[in-house]
Amino acid sequence: MSLEDDLFAQRLRRTGEIEALGFRAYGQRFDASHTIPQILAHYGSKTAEELADQPRVRIAGRIQTVRRMGKAGFLHLTQSGERLQVYIRKDAVPEPDYALYEGFDLGDIVGVDGYLFRTRTGELSVHAEKLTFLSKILLAMPEKWHGLEDVEIRYRQRYLDLIANPESQKIFVTRAKIVSSLRRQLEERGFVEVETPMMQPVYGGAAARPFVTHHNTLDLDLYLRIAPELYLKRLIVGGLERVYEINRNFRNEGVSTQHNPEFTMLEFYQAYTDYQGLMDLTVELLKQTAIDATGSAVVEYQGTKLDFGNIRRLSMQEAVGNPSLRGHALVEAFERQIEPTLFEPTIIYDYPVEVSPLSKNKPSDPAFVERFEIYVAGMEIGNAYTELNDPKEQCRRFEYQRTLKAAGDEEAHQMDEDYLRAMSYGMPPTGGEGIGIDRLTMILTNSKSIRDVILFPLLRPEGEIGIAERLRGGDV
RNA sequence: GGGCGCGUAGCUCAACUGGCAGAGCAACUGACUCUUAAUCAGUAGGUUGAAGGUUCGAUUCCUUCCGCGCUCACCA
């Protein structure tokens, strides 16, 4: 029997001991008076004298450390990455409560009733008067000092990462702030949040290979969307003049530190504007999002300061420094020579029409389209353009994509007649933009890999885990 | 998909050129009523990712496979 099995069996037995003491190994509702962060916020700066009236508290959390000293002891409870010490004396709690405490394992979830005081060394602590058992841990916690380093376990068992590494919790809290900041800013400007199909009979709006699935009753192959773009623009035709969606896209392509097969995109469309209007909006959105997420428009990423309050704007030809380059050659030169060097937040505008099947031509030079992308830390984090709203031109673009597809380009855009029909009812001049939420979160949380900002990134499934057998073993 | 690298106790890591697989934390037993990486004394814990090969002898060298990371290609 391995040590882990041994430990597991031992703790399964301990659930019986907990119940023999009159507690529940898996407890019930527990109404705390405060969360641990609340206690630290309200009482963290109070002196021992100010706590002389012994403020009563009722708290719950996971046991992070235990220090036993015969007939008394200390433990730390954690909640939301913050911790509070509890002091337990044999003569200050009921007898069964002390026996319960003696059997605590690191990682158990417990409740404590008591009063606040400061220890001799000055640490704010709860003097326990009553304990409640809430949930028994059966497996071993990661090491308390080094935390959990193994990236594979961190991604596969994210809950362990969140328990052991408070920085990881912070990343996902920041991610939530980024999303809510963008929602708030868009709603302040009159944008309406919508949801469009994830399963689409025709995929479009980006150049990528899709995932395919099947609906049984309709006997219909469907694609998981690679982008919501064409549906959002149908809504613009319908008169929802400012719409946005924050949701998942699925692309059946490589996995890397910057790519996950499912990823989150903000797309928004605004009627009667163009890409210049979107550039101004983008600059405002990104600056405010950086402030809301990190407290500052200047963000440090991998040792370099990035100023979201000062976003450069360069045309692609200016960036490459060669006004004679056009078409695919220009894009290749840009992607090879310039893109990796764009560390400071930068807007690159005016793309060749060949790589932009849904963007509107520049009136002054139809070989280019009114399109820009946002680059930060060498990564593309956004893509925007004045939407092509001429159905005849759109039809020609689809035909061109069809020839690319026939020539073997798997990612060429599909012909979408339903979309052409919608556009034929008249689409107002419109600007549209997509921002990659995962990559933006990487930048604003100083994360090197996209897997660090996605709670459950895609990994190959692991083999047999064997926990069911061990849990059955506890019944014998 | 290609290249490079990694996989040792539950966790964090050692093990020189191929020569007895180790430490800290966690666990178990005992002592301890203000500790905080508690301390002190003791105990237990290993199919070295898997399978095969070379060798007197393999964690170490070779082959295949599995998983993960980095990177190139593709892509956002």
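Values below: all heavy atoms of this structure, side chains included; hydrogens, waters and symmetry mates excluded. Quick caveat: nothing in here was measured; it's all calculated off a predicted structure. Just so we're on the same page: letters track the sequence lines, and every chain starts at 1.
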Undergrad: Across the strands shown, which category fits A/R209 at heavy-atom distances under 4.0 angstrom: base, sugar-phosphate, nothing?
TA: nothing
Undergrad: For A/L139 and B/rA9, what is the distance between atoms CG and P respectively, to the nearest whole Å?
TA: 16 Å
Undergrad: For A/R460 and B/rC68, is the shortest distance between a side-chain N/O and OP1 or OP2 below 4.0 Å?
TA: yes
Undergrad: Looking at A/K144, I'd like to know whether one of its side-chain N or O atoms comes within less than 4.0 Å of OP1 or OP2 on B/rA38.
TA: yes
Undergrad: Mark yes or no for a side-chain to base donor-acceptor pair under 3.5 Å between A/E143 and B/rG10, with no hydrogen or angle criteria applied.
TA: no
Undergrad: Describe the nucleic acid contact of A/E373 in one word from base, sugar-phosphate, nothing, applying a heavy-atom distance below 4.0 Å.
TA: nothing
Undergrad: Got a salt bridge between A/E17 and A/R13, using NZ or NE/NH1/NH2 to carboxylate O under 4.0 Å?
TA: no
Undergrad: Please report the distance separating the C1' of B/rG5 from the corresponding atom of B/rC56, rounded so that it comes out in whole Å.
TA: 33 Å
Undergrad: List the atom pairs, with distances to 0.1 Å, where a side-chain N or O of residues 48-56 of chain A and a protein N or O form a donor-acceptor pair under 3.5 Å, not counting sequence neighbours.
TA:
from, atom 1, to, atom 2, distance (Å)
A/E49, OE1, A/T47, OG1, 3.4
A/E50, OE1, A/T47, N, 2.7
A/E50, OE1, A/T47, OG1, 3.3
A/R56, NH1, A/E129, OE1, 3.3
A/R56, NH2, A/E129, OE1, 2.2

Undergrad: Drop me the distance from A/S135's OG to A/F133's CZ, to the nearest 0.5 angstrom.
TA: 7.0 Å
Undergrad: Report the distance from atom CG of A/D105 to atom P of B/rC25, rounded to the nearest whole Å.
TA: 17 Å
Undergrad: Quickly work out the A/E410 CD to B/rG1 C1' distance and round it to whole Å.
TA: 13 Å
Undergrad: So A/E462, base contact, sugar-phosphate only, or nothing? Heavy-atom distance under 4.0 Å.
TA: nothing
Undergrad: According to a strict under-4.0 Å criterion, is A/R154 in side-chain N/O contact with OP1 or OP2 of B/rC68?
TA: no
Undergrad: For B/rA44 and B/rU60, measure between their P atoms and round to the nearest Å.
TA: 28 Å
Undergrad: Contact class for A/R11 vs. all strands (heavy atom < 4.0 Å): base, sugar-phosphate, or nothing?
TA: sugar-phosphate
Undergrad: Regarding A/R313 and A/Q276, do their side chains bring together a donor and an acceptor under 3.5 Å, going by distance alone?
TA: no
Undergrad: Is a donor from one side chain sitting under 3.5 angstrom from an acceptor on the other, for A/S447 and A/R175?
TA: no
Undergrad: In whole angstrom, give me the gap between the C1' atoms of B/rC13 and B/rU48.
TA: 14 Å
Undergrad: Which part of the nucleic acid, if any, lies within contact of A/G434, taking any heavy atom under 4.0 Å across all strands shown: a base, the sugar-phosphate backbone alone, or nothing?
TA: nothing
Undergrad: Report yes if a side-chain nitrogen or oxygen of A/T257 is closer than 4.0 Å to either non-bridging phosphate oxygen (OP1 or OP2) of B/rU71; otherwise report no.
TA: yes
Undergrad: Between side-chain atoms of residues 342-350 of chain A and protein atoms elsewhere (two or more places apart, or another chain), which donor-acceptor pairs fall under 3.5 Å?
TA:
from, atom 1, to, atom 2, distance (Å)
A/T346, OG1, A/R312, NE, 3.4
A/T346, OG1, A/R312, NH2, 2.9
A/T346, OG1, A/E344, O, 2.7
A/D350, OD1, A/Y275, OH, 2.7
A/D350, OD2, A/K362, NZ, 3.1

Undergrad: Taking the same atom, P, in B/rC16 and in B/rC61, what whole-Å distance lies between them?
TA: 11 Å
Undergrad: Name all pairs fulfilling the salt bridge (charged side-chain N to carboxylate O under 4.0 Å, His left out) condition that reach into residues 443-463 of chain A, sequence neighbours left out, sorted by first residue then second.
TA: A/R154-A/D452
Undergrad: Quick check, does A/F263 stack with B/rA76? I mean ring centres under 5.5 Å and planes off by under 30°.
TA: yes
Undergrad: Could you identify which residues of residues 85-104 of chain A place a heavy atom less than 4.0 Å from some atom of RNA chain B, listed by residue number, or say none?
TA: A/Q85, A/Y87, A/R89, A/D91
Undergrad: Please report the distance separating the P of B/rU43 from the corresponding atom of B/rC6, rounded so that it comes out in whole Å.
TA: 36 Å
Undergrad: Taking the nucleotide of RNA chain B with the closest heavy atom to each, which residue, A/P142 or A/E335, is nearer the 5' end?
TA: A/P142
Undergrad: I would like to know whether A/M442 and A/V376 meet side chain to side chain contact (heavy atoms under 4.5 Å, CB included); could you show each step before the answer?
TA: CA-CA 10 Å; A/M442 286 171 67; A/V376 185; over 6 Å; no
Undergrad: For nucleotides B/rU29 and B/rC4, find the distance between their C1' atoms and express it as a whole number of Å.
TA: 49 Å
Undergrad: Within the 4.5 Å heavy-atom criterion, are A/H76 and A/R67 side-chain neighbours or not?
TA: yes
Undergrad: A/A227 near the nucleic acid: base, sugar-phosphate alone, or nothing, with a heavy-atom cut-off under 4.0 Å?
TA: nothing
Undergrad: Expected output check: what is the dot-bracket annotation of RNA chain B, where ( ) and [ ] are pairs inside the strand (brackets for crossing ones), | is paired with another strand, and pairs are Watson-Crick or G-U under 3.5 Å?
TA: (((((((..((((.....[..)))).(((((.......))))).....(((((..]....))))))))))))....
Undergrad: Can you tell me if A/R14 touches the phosphate of B/rC28, counting only side-chain N or O atoms and a distance under 4.0 Å to OP1 or OP2?
TA: yes
Undergrad: Using the side-chain heavy atoms of A/L106, tell me which of these nucleotides is nearest: B/rC11, B/rU33, B/rA26.
TA: B/rA26
Undergrad: Between atom CG in A/D161 and atom P in B/rU12, what is the gap in whole Å?
TA: 11 Å
Undergrad: Could you pick out which residue, A/F74 or A/L148, lies toward the 5' side of RNA chain B when each is mapped onto its nearest nucleotide?
TA: A/L148
Undergrad: Kindly give the heavy-atom pair with the smallest separation between A/V194 and A/L232, and that separation in Å.
TA: CG2-CD2, 3.4 Å
Undergrad: For a quick test of your reading: what N or O donor-acceptor pairs under 3.5 Å do the side chains of residues 106-114 of chain A make, sequence neighbours left out?
TA:
from, atom 1, to, atom 2, distance (Å)
A/D108, OD1, A/K136, NZ, 3.3
A/D108, OD1, A/I137, N, 3.0
A/D108, OD2, A/D105, N, 2.8
A/D108, OD2, A/K136, NZ, 2.9
A/D113, OD1, A/R58, NH1, 2.8
A/D113, OD2, A/R58, NH1, 3.1

Undergrad: Give A/N252 one of three labels, base, sugar-phosphate or nothing, depending on what nucleic acid heavy atoms sit under 4.0 Å from its own.
TA: nothing
Undergrad: Considering only heavy atoms from C-beta outward, does the side chain of A/L186 approach that of A/L266 to under 4.5 Å?
TA: yes
Undergrad: Please report the distance separating the C1' of B/rA58 from the corresponding atom of B/rA50, rounded so that it comes out in whole Å.
TA: 16 Å
Undergrad: What is the distance, rounded to the nearest whole Å, between atom CD of A/E332 and atom P of B/rA73?
TA: 12 Å
Undergrad: Can you measure A/K71 atom NZ to B/rC32 atom P for me and round it to whole angstrom units?
TA: 5 Å
Undergrad: When rounded to the nearest Å, what value does the distance between C1' atoms of B/rG10 and B/rU55 take?
TA: 35 Å
Undergrad: Quickly work out the A/F372 CZ to B/rA76 C1' distance and round it to whole Å.
TA: 15 Å
Undergrad: If you only use heavy atoms from C-beta on, which nucleotide in B/rU35, B/rC68, B/rA76 is closest to the side chain of A/R67?
TA: B/rU35
Undergrad: Remember a base hit wins even if backbone is also touched, and classify A/L459 as base, sugar-phosphate or nothing at under 4.0 Å, heavy atoms.
TA: sugar-phosphate
Undergrad: Tell me what A/F117 touches on the nucleic acid: a base, only sugar-phosphate, or nothing, going by heavy atoms under 4.0 Å.
TA: base
Undergrad: Whole angstrom is fine here: how far is it from CE in A/M69 over to P in B/rU33?
TA: 9 Å
Undergrad: Using distance alone, with no hydrogens and no angle criterion, decide if A/Q185 and A/T289 have a side-chain donor and acceptor under 3.5 Å apart.
TA: yes
Undergrad: If you check the A/E152 side chain, which of B/rG69, B/rC32, B/rC68 turns out closest?
TA: B/rC68
